[in-house]
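In this text the structure is predicted, and so the values were computed from the model without any measurement.
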Amino acid sequence: MEEKKLYNDSGIEISQVYGDSASENPGEFPFTRGIREDMYRGRLWTMRQYAGFSTAEESNKRYHYLLDQGTTGLSVAFDLPTQIGYDSSHEFAEGEVGKVGVAIDSLKDFETLFAGIRLEDITTSMTINATASTLLAMYIAVAKQQGADLSKISGTIQNDILKEYAARGTYIYPPKQSMRIITDIFEYCSREVPKWNTISISGYHIREAGSTAAQELAFTLANGKTYVQAALTKGLDINVFAKRLSFFFNAHNNVFEEVAKFRAARRMWANITKSLGATDAQAQMLRFHTQTGGSTLTAQQPENNIIRVAMQAMSAVLGGTQSLHTNGFDEALSLPTEHAAKIALRTQQIIGFESGITQAVDPLGGSYYIEALTDEMEKLAYKYIDTIDAMGGSVAAIEQGYMQNEIAKSAYIYQKEIESNEKIIVGVNKFIDTNEKVKPVFKIDDHIRKVQIEKLEQLKNERNQAEVEKQLNRLSEAATNGNNLMPYVIDSVENYATLGEIADVLRKNFGEYKG
């Protein structure tokens with residue numbers, strides 16, 4: 001590829017890549033320096049903003065606002081009842097409807113959520129795991145209603161249930177049955193929705209639970225390895241399905257450690273997939289989304305979080321991310337206000353268009369410090385992976401509590417360091433402002449549940465109940481006979497079966513995991 005000529009503000013020409021011509025180049029195995037030879041010279045990362053709250057109507061307004069402000073991809077947050085398969089009318093949903101994300105009970109809500117937004121024209125990331133098949137089915141159904149070419153719609157479902165058992169907790173079914181649902185999604189999408197990323201293997205929540213950067217790297221790649229092995233067991237072609245795997249990492253405040261983590265992740269995953277039989281370079285590449293660290297945000301002096309988020313976002317860009325979400329500075333207090341969401345997006349835009357970071361590929365490559373950190377991060381991560389492999393893989397390691405215990409130990413050590421002032425958190429244990437005023441926060445009204453219940457009652461009065469029961473029975477039979485579940489979930493969704501009704505069918509067949 002012919003290099004574009006770029007110059008800095010002093011008129012000095014910036015080369016695309018710096019380093020010994022004999023050294024590894026970006027876009028070449030094992031992709032330590034990046035998955036594309038021109039990286040951000042050719043195209044900036046996708047600038048996402050994670051949003052979803054209250055009702056589908058309210059979230060739709062925020063999505064239109066973000067798109068108008070220049071965001072290039074949507075990222076949907078769902079409320080807890082949606083994440084664990086309960087309709088808003090269920091007793092377990094009380095107090096949680098619309099609180100940490102948007103409430104989705106049926107395809108009607110999904111139609112409203114994306115009203116006026118052409119799904120062929122954007123990419124959408126959905127943070128959903130146990131009910132991922134149902135939410136993906138709704139997305140496909142809306143795309144079909146819009147007349148979209150399903151071969152062109154693109155986006156990602158998180159769909160990473162292993163990290164739920166290890167770190168986050170929004171699981172429904174036992175591991176074996178959850179893995180079956182995930183591999184069914186792999187199989188269906190590779191055939192019907194080929195541009196869709198069928199899983200976002202997530203280190204983000206592992207880090208949020210208290211892991212170190214090395215543990216985040218190791219446990220995430222170990223889980224990724226387990227998903228690949230499950231798909232191979234199902235008879236899927238690694239050179240096909242592995243192209244649609246993506247990863248989701250956290251970015252914390254230690255800039256150079258984070259850059260080294262991202263570089264090591266690419267190199268490790270390339271070698272892991274190669275060892276599992278991948279021969280296509282596209283199937284060996286680690287593509288990842290990054291979110292700045294929610295657990296690093298402080299309720300004290302929240303404006304300081306703007307600086308934290310900017311540093312974290314820079315580490316993700318210096319590390320070669322494909323997609324980035326920047327947190328709002330007020331998220332330690334509440335869901336982000338519109339003002340905070342705009343500043344978060346502007347942070348990415350300033351890095352992308354003003355910082356000069358994007359002019360050279362892997363600008364920190366060749367640094368003695370960065371290269372040493374990358375090597376050491378890789379060694380430490382492989383030690384954890386070797387331990388997990390000796391236990392029988394991620395599922396066995398989770399069942400034995402290994403990952404959970406390692407994360408808990410790291411979280412405990414970190415908290416002790418803060419309390420002893422060994423680790424300084426500005427505004428928390430040093431440089432404290434005793435005159436700080438309480439900041440206004442974004443609140444969700446409890447009447448949202450009443451609104452959702454009324455919509456559910458209207459839906460059930462209007463839909464063809466006999467057809468709903470027919471489709472749910474077919475789904476139950478598929479759960480028993482081993483057929484791919486996705487077509488049956490889509491048929492159920494399109495006939496306006498609710499998310500809770502679909503989850504209950506699978507609960508009846510698969511049981512629930514108690515932890």
Side-chain angles (χ1 to χ4, degrees), residues 80 99-100 163-170 202-220 248-262 290-316 325-336 340 344 369 373 376-377 380-381 383-384 387 397-398 401-442 515:
L80 282 175
K99 290 293 178 69
V100 299
K163 66 91 176 49
E164 296 296 326
Y165 301 121
R168 189 162 175 265
T170 63
S202 177
Y204 184 85
H205 304 95
I206 291 170
R207 191 69 174 282
E208 290 292 283
S211 79
T212 65
Q215 288 171 336
E216 176 194 0
L217 173 60
F219 298 163
T220 305
F248 175 22
F249 288 114
N250 211 314
H252 275 217
N253 290 331
N254 191 319
V255 173
F256 298 118
E257 181 180 37
E258 295 302 301
V259 173
K261 179 187 73 180
F262 299 134
T290 311
Q291 182 174 337
T292 55
S295 62
T296 69
L297 304 180
T298 63
Q300 301 91 333
Q301 302 176 33
E303 291 88 350
N304 292 345
N305 295 327
I306 297 172
I307 294 95
R308 292 185 178 104
V309 167
M311 289 194 309
Q312 294 163 9
M314 285 178 65
S315 76
H325 163 74
T326 34
N327 290 329
F329 70 86
D330 54 3
E331 287 190 55
L333 300 167
S334 69
L335 289 170
Y369 182 38
L373 273 180
E376 290 302 317
M377 188 69 71
L380 186 51
K383 283 184 181 179
Y384 284 112
T387 300
I398 289 166
Y402 171 71
M403 290 189 193
Q404 299 93 310
N405 289 337
E406 290 297 311
I407 294 168
K409 283 190 283 186
S410 294
Y412 177 68
I413 292 168
Y414 183 80
Q415 187 60 35
K416 281 185 69 177
E417 289 174 343
I418 293 173
E419 291 176 6
S420 67
N421 282 7
E422 185 179 342
K423 184 175 289 293
I424 300 301
I425 307 296
V426 174
V428 176
N429 60 0
K430 198 172 179 67
F431 313 112
I432 297 166
D433 183 356
T434 56
N435 298 315
E436 188 174 4
K437 295 179 181 179
V438 176
K439 301 294 190 296
V441 297
F442 185 65

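- A donor-acceptor contact shorter than 3.5 Å is absent between the side chain of D330 and the backbone of L333.
- When all heavy atoms are compared, the tightest approach of A316 to F262 is CA-CE1, 3.6 Å.
- For the pair Q312/N253, a side-chain contact is recorded, criterion being any heavy-atom separation below 4.5 Å from C-beta on.
- Proximity of a side-chain donor or acceptor of S315 to a complementary backbone N or O of V255 within less than 3.5 Å is not detected.
- From H205, atom NE2 reaches atom CD1 of I407 across 12.0 Å, with rounding to the nearest 0.5 Å.
- For the pair E258 and A213, the tightest heavy-atom approach, listed with the atom from each and the gap, is OE2-CB, 4.0 Å.
- Considering only residues two or more places apart in sequence or on other chains, K409 meets the salt bridge (Lys or Arg N to Asp or Glu O under 4.0 Å) condition with E406.
- A distance-only check finds a donor-acceptor pair linking the side chain of N305 to the backbone of P302 [under 3.5 Å].
- Inter-residue side-chain proximity for L373 and E376 is flagged as unmet; no heavy-atom pair is nearer than 4.5 Å.
- The main-chain N or O of I424 is never found under 3.5 Å from a side-chain atom of N429 such that the two would form a donor-acceptor pair.
- Minimum interatomic distance between S211 and S410 (heavy atoms only, all atoms of both residues): CA-CB, 4.2 Å.
- To the nearest 0.5 Å, atom CG of residue N304 and atom CG of residue D433 are 9.5 Å apart.
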>> Run H252 and S295 through side-chain contact (heavy atoms from CB on, under 4.5 Å) and show every step you take.
In response: CA-CA 9 Å; H252 275 217; S295 62; 3.6 Å; yes
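- The shortest distance between side-chain heavy atoms of N327 and P336 does not fall below 4.5 Å.
- For the pair I398/Q404, a side-chain contact is recorded, criterion being any heavy-atom separation below 4.5 Å from C-beta on.
- For F249 and Y204, the ring centers are positioned 6.0 Å apart or more.
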> After noting the C-alpha distance and the side-chain angles of I432 and Q300, does the key distance pass the side-chain contact (heavy atoms from CB on, under 4.5 Å) rule?
Replying inline: CA-CA 8 Å; I432 297 166; Q300 301 91 333; over 6 Å; no
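- The two residues L380 and A214 have their closest heavy-atom pair at CD2-CB, 3.5 Å.
- Side-chain contact between F329 and V309 is absent, with no heavy-atom pair separated by less than 4.5 Å.
- Between T290 and N250, the closest side-chain pair of non-hydrogen atoms is not below 4.5 Å.
- Minimum heavy-atom separation, K261 to M377: CA-CG, 4.0 Å.
- Between atom OG1 of residue T212 and atom OH of residue Y384 there is a gap of 5.0 Å, rounded to the nearest 0.5 Å.
- Across all their heavy atoms, L217 and A381 have their closest contact at CD2-CB, 3.8 Å.
- Not a single donor-acceptor pair under 3.5 Å links the side chain of Q415 to the backbone N or O of Y412.
- Under a 3.5 Å cut-off, the side chain of E208 and the backbone N or O of G293 do not form any donor-acceptor pair.
- Sparse packing is recorded around CZ of F256, with 12 or fewer heavy atoms of other residues, nucleotides or ligands lying under 6.0 Å away.
- With rounding to the nearest 0.5 Å, the separation of CZ in F219 from NZ in K163 is 15.0 Å.
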> Is there a side-chain hydrogen bond (donor to acceptor under 3.5 Å, both in side chains) between T298 and R308 once you walk through the steps?
Replying inline: CA-CA 10 Å; T298 63; R308 292 185 178 104; 3.2 Å; yes
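- Residue R207 forms a side-chain hydrogen bond (donor to acceptor under 3.5 Å, both in side chains) with just one option from E216, Q291, Q215, and that option is E216.
- Atom CE of M314 has 12 or fewer neighbouring heavy atoms from other residues, nucleotides or ligands inside a 6.0 Å radius.
- Residue L297 holds its CG atom at 11.0 Å from CD1 of I306, rounded to the nearest 0.5 Å.
- Checked by atom type and distance alone, the side chain of E417 never pairs as donor or acceptor with a backbone atom of E422 at under 3.5 Å.
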